[in-house]
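One structure below.
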Amino acid sequence: MLKLYGAEICSDCREAKRLLEQQAIEYQYIDITASTKNLKEFLAMRDSLPLYDSVRAEGRIGIPTFVWDDGTVSLDTGWLKHEFRCADC
C-alpha cells in the first residue's frame, strides 16, 4: 500500500491527502508529528537518501513524501494533480 508521510500542519500534505481520497487511492498516512516513532522513522529515511539532499540544503522538511510498495520514494505530487491513476494503487 502507498504510504504518505506528512503533517496536519502542512498545507501541501493536506492537499495530497485530499487528492488521494478524491481519487479513491488507498494509502497509509503517517503523521510525522503524531509520535516520536513516526518522526524517527521519517528522519531515518530522509537523512539517508540522496533524494533529500536539496531539501536538507534548503532547510525544508521534505513532506509530503510518498513511498510506493516497491520502496520507491518520491516528493512529487504532480501525478496527483493531473488525476493520474497509478496502476499499483
Side-chain angles (χ1 to χ4, degrees):
M1 177 181 294
L2 173 67
K3 289 183 182 180
L4 169 60
Y5 287 86
E8 291 302 314
I9 60 174
C10 170
S11 61
D12 291 337
C13 297
R14 290 192 310 268
E15 177 68 1
K17 284 177 61 177
R18 184 187 71 76
L19 290 168
L20 286 166
E21 290 164 8
Q22 181 180 49
Q23 297 178 50
I25 298 173
E26 289 188 35
Y27 68 98
Q28 176 187 4
Y29 181 64
I30 302 165
D31 185 339
I32 66 170
T33 63
S35 70
T36 304
K37 176 188 173 286
N38 290 355
L39 180 59
K40 285 181 177 183
E41 181 179 310
F42 172 73
L43 290 176
M45 176 178 54
R46 187 195 75 164
D47 293 347
S48 66
L49 296 176
L51 170 68
Y52 292 95
D53 288 349
S54 63
V55 170
R56 289 190 308 271
E58 294 169 5
R60 295 185 296 124
I61 298 170
I63 53 175
T65 289
F66 300 95
V67 180
W68 305 96
D69 284 344
D70 68 359
T72 302
V73 178
S74 174
L75 302 171
D76 179 31
T77 59
W79 64 277
L80 277 172
K81 294 176 182 175
H82 299 323
E83 296 187 24
F84 169 79
R85 288 295 309 255
C86 74
D88 297 330
C89 296

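Residue indices begin at 1 and follow the sequence shown.
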**Request:** Flag yes if Leu19 and Leu75 sit in one hydrophobic cluster, no otherwise; membership is Ile, Leu, Val, Met, Phe, Trp, Tyr, and two members link when side-chain heavy atoms are under 4.5 Å apart.
**Result:** no

**ILVMFWY cluster, Val73 and Trp68 together (side-chain gap under 4.5 Å)** = no

**Asked** In terms of the angle between their ring planes, are Tyr52 and Phe42 parallel, tilted or perpendicular, with boundaries placed at 30° and 60°?
**Response** perpendicular

**Item:** Considering all heavy atoms, the nearest Leu20-Leu80 contact
**Value:** CD2-CD2, 3.7 Å

**Lys3 NZ to Glu41 CD distance, which is reported to the nearest 0.5 Å** = 5.5 Å

**Item:** Closest non-hydrogen atom pair between Asp53 and Leu49, with its separation
**Value:** OD1-O, 4.0 Å

**Asked** Of the non-hydrogen atoms in Leu4 and Pro64, which two are nearest, and what is the gap between them?
**Response** CD1-CB, 3.6 Å

**Spacing of CZ belonging to Arg18 relative to CZ belonging to Arg14, to within rounding of 0.5 Å** = 11.5 Å

**Prompt:** Can Thr77 and Glu15 be said to form a side-chain contact (heavy atoms from CB on, under 4.5 Å), step by step?
**Reply:** CA-CA 9 Å; Thr77 59; Glu15 177 68 1; over 6 Å; no

**Complete:** Here the gap from Ile32 atom CD1 to Leu39 atom CG, rounded to the nearest 0.5 Å, amounts to 6.0 Å

**Request:** Please name all residues satisfying side chain to side chain donor-acceptor pair (under 3.5 Å) with Glu8, sequence neighbours left out, ordered by chain then number.
**Result:** Lys17, Tyr29

**Message:** Is there a path of hydrophobic side-chain contacts, each under 4.5 Å between heavy atoms, that joins Ile30 and Tyr27?
**Reply:** no

**Message:** Gln28: which residues meet the side chain to side chain donor-acceptor pair (under 3.5 Å) condition with it, sequence neighbours left out?
**Reply:** none

**Message:** Restricting to ring pair (Phe, Tyr, Trp, His ring centres under 6.0 Å), what partner residues turn up for Phe66, sequence neighbours left out?
**Reply:** Trp79

**Minimum heavy-atom distance Leu2-Glu26, with the two atoms named** = CB-O, 3.9 Å

**Request:** Kindly give the heavy-atom pair with the smallest separation between Arg46 and Ile61, and that separation in Å.
**Result:** CD-O, 3.0 Å

**Asked** Can a donor-acceptor pair be found between the side chains of Thr72 and Asp70 at a distance below 3.5 Å?
**Response** yes

**Heavy atoms from other residues, nucleotides or ligands near CG of Leu51 exceed 12 (cutoff 6.0 Å)** = yes

**Request:** Check Asp47 against Arg56 and note the closest heavy-atom contact, atom names and distance.
**Result:** OD1-CD, 3.7 Å

